[in-house]
There are 2 protein chains.
Amino acid sequence: MARKTGSHSQITGPKVQQAASKLFARHGFAAVSMRQIASEVGVQAGALYLYTPDKQSLLFDLMQGHMQDLLTAWEAQEKGIGPLAQLEAFVRFHIGFHLDRPDAVFIAYMELRNLSEENFAVIEELRKRYEDVLEGILREGQQAGVFAVPDTKLAMMALIAMLTGVNTWYREGGRLSRDKVEEIYWDMARKAVAG
Amino acid sequence: MARKTGSHSQITGPKVQQAASKLFARHGFAAVSMRQIASEVGVQAGALYLYTPDKQSLLFDLMQGHMQDLLTAWEAQEKGIGPLAQLEAFVRFHIGFHLDRPDAVFIAYMELRNLSEENFAVIEELRKRYEDVLEGILREGQQAGVFAVPDTKLAMMALIAMLTGVNTWYREGGRLSRDKVEEIYWDMARKAVAG
DNA sequence: TGTTTATCTGAACATGCGTTCATTTCAAAG
DNA sequence: CTTTGAAATGAACGCATGTTCAGATAAACA
């Protein structure tokens with residue numbers, strides 16, 4: 001039995017990505033089998049290979065897509081003028097974007113070691129581009145005398161770790177609204193780099 | 001052939017833990033086989049079961065040991081008097097302790113989802129005990145008017161994420177000494193919660 | 001209506017998995 | 001010098017893995 005009703009390729013393709021994303025985030029890349037992904041999609045394992053050359057590409061495509069979305073979304077973001085306004089924009093953007101995609105974020109941070117060497121290099125390059133955004137803001141603020149950061153690379157790492165950490169505890173419908181969380185984190189970030 | 005020279009049980013036991021720790025940290029729990037661990041130890045796979053009932057226990061014991069070491073080490077730590085001194089002690093302790101054990105830290109953060117339900121509950125309880133330490137310091141400082149943190153839980157999460165993040169980039173013999181890193185992070189942490 | 005073609009099945013492949021266990025080895029105890 | 005028993009081997013167990021592919025199916029086109 002194959003292809004019961006209608007043409008499915010444009011439906012099944014995205015479904016495979018979504019199923020992989022969900023399962024990789026929940027159980028980890030290595031712990032998820034192609035048969036599990038197929039089952040989640042509602043298809044036999046062999047059919048997955050119409051949409052991906054192999055399991056590794058499934059992971060890589062998810063991560064690359066996520067990182068590219070991140071960079072694209074930042075470019076489209078209202079940033080304001082001056083280091084302080086830009087830092088606030090970055091803080092709020094980072095928290096919001098990451099809370100919108102918990103699965104993709106989880107995968108992007110946890111499954112780096114399951115990438116092949118070449119694929120890893122690609123993802124790391126994209127990650128570096130994003131980190132450079134924040135480091136640039138901090139450097140400008142430092143030079144303008146608005147921030148007091150003895151080491152922009154360290155401050156950048158510290159801030160990103162702090163902001164990304166929101167994903168580990170935030171739950172929709174919890175004690176605090178997203179806006180309130182953004183506000184509190186922005187307050188801490190601002191003070192942490194303040195002159 | 002078995003047991004070439006001398007009695008090995010008191011050597012092999014720790015070796016198994018060390019090999020598992022190293023390999024789990026590098027490749028992830030699910031991606032490491034008992035045969036790989038055995039090979040790292042210099043033994044056949046069957047011999048591992050003289051030292052652990054199963055693979056899951058190997059992971060659990062590593063994580064439980066790490067969390068207990070963490071709590072014990074904090075108790076033995078010089079803490080100083082007052083919220084500010086205690087926060088500084090915590091920041092420096094956290095960074096130092098975690099940089100000393102990169103593999104264990106990596107495992108403790110990445111492999112939670114590979115724990116059985118009961119084992120997960122045990123580790124989470126230990127983690128909560130550690131988080132409560134920092135939250136307690138922040139609460140005291142808030143009440144004493146030394147800190148200005150609108151939400152102690154959020155501030156605690158933000159600080160711990162920031163501090164633990166050091167492990168992702170710090171390399172021994174790099175640009176900055178450990179002491180310098182501790183100092184910069186302490187500066188940021190202090191300012192972030194300052195009144 | 002008949003033909004084509006994209007989509008999917010289901011079985012098969014070799015390989016590796018966690019775990020068990022009868023057997024072997026050999027340092028130490030008697 | 002013999003006995004003992006801890007420590008390790010190595011083969012085996014059933015099962016799951018990623019991937020391939022010939023064949024089946026049904027929608028789209030002529």
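Chain letters run A, B, ... following the sequence lines, proteins first, then strands; residues in each count from 1.
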For residues 186-195 of chain B, tabulate all N or O donor-acceptor pairs below 3.5 Å that involve a side-chain atom, not counting sequence neighbours.
from, atom 1, to, atom 2, distance (Å)
Asp187(B), OD1, Arg190(B), NH2, 2.4
Lys191(B), NZ, Ala148(A), O, 3.4
Lys191(B), NZ, Ala192(A), O, 3.4
Lys191(B), NZ, Ala194(A), O, 2.8

Overall bend - the helix from dT1(C)-dA30(D) to dG30(C)-dC1(D), comparing terminal axes fitted on five pairs, nearest 10 degrees: 0°
What's the [atom1]-[atom2] distance between [X] and [N], to the nearest Å?
X: Ile11(B); N: dA27(C); atom1: CD1; atom2: C1'; result: 13 Å
X: Leu50(A); N: dC21(D); atom1: CG; atom2: P; result: 13 Å
X: Gln44(B); N: dA11(D); atom1: CD; atom2: P; result: 9 Å
X: Ile37(A); N: dC8(C); atom1: CD1; atom2: P; result: 16 Å
X: Leu48(B); N: dC21(C); atom1: CG; atom2: C1'; result: 15 Å

Salt bridge (Lys or Arg N to Asp or Glu O under 4.0 Å) partners of Arg139(A), counting only residues at least two apart: Glu135(A)
Residues in salt bridge (Lys or Arg N to Asp or Glu O under 4.0 Å) contact with Arg35(B), at least two apart in sequence or another chain: none
Please tabulate, for side-chain N and O atoms in residues 103-115 of chain A, each donor-acceptor pair with protein atoms closer than 3.5 Å (sequence neighbours left out).
from, atom 1, to, atom 2, distance (Å)
Tyr109(A), OH, Thr164(A), OG1, 3.4
Glu111(A), OE1, Asn114(A), ND2, 2.6
Glu111(A), OE2, Phe29(A), N, 3.1
Glu111(A), OE2, Arg113(B), NH2, 2.9
Arg113(A), NH1, Ala25(B), O, 3.2
Arg113(A), NH2, Glu111(B), OE2, 2.9

Contact list for residues 38-61 of chain B, test salt bridge (Lys or Arg N to Asp or Glu O under 4.0 Å), sequence neighbours left out: Lys22(B)-Glu40(B)
Test side chain to side chain contact (heavy atoms under 4.5 Å, CB included) applied to Glu172(A) - qualifying residues, sequence neighbours left out: Tyr170(A), Arg178(A)
Results of side chain to side chain contact (heavy atoms under 4.5 Å, CB included) for Ala38(A) - residues two or more places apart only: Val43(A), Ala45(A), Leu48(A)
Base-contact (B) and sugar-phosphate-only (S) positions in nucleotides 13-19 of chain D, heavy-atom cut-off under 4.0 Å, - elsewhere: ----BBB
Cationic N near anionic O, under 4.0 Å, Arg175(B) to Asp151(A): yes
Contact list for DNA chain D against residues 18-28 of chain B - heavy-atom distance below 4.0 Å: none
Listed once per pair and sorted, the ring-ring contact (aromatic ring centres under 6.0 Å, His included) pairs that draw on residues 116-143 of chain B, sequence neighbours left out: Phe90(B)-Tyr130(B), His94(B)-Tyr130(B)
Any Thr12(B) side-chain nitrogen or oxygen under 4.0 Å from OP1 or OP2 of dA7(D): no
In a table with atom names and distances, give each donor-acceptor pair under 3.5 Å that connects a side chain of residues 72-79 of chain B to protein atoms at least two apart or in another chain.
from, atom 1, to, atom 2, distance (Å)
Thr72(B), OG1, Gln68(B), O, 2.8
Lys79(B), NZ, Trp74(B), O, 3.1
Lys79(B), NZ, Glu75(B), O, 3.2
Lys79(B), NZ, Gln77(B), O, 3.2

Derivation of the salt bridge (Lys or Arg N to Asp or Glu O under 4.0 Å) call for Lys128(B) and Glu131(B): CA-CA 5 Å; Lys128(B) 194 179 170 344; Glu131(B) 291 176 351; over 6 Å; no
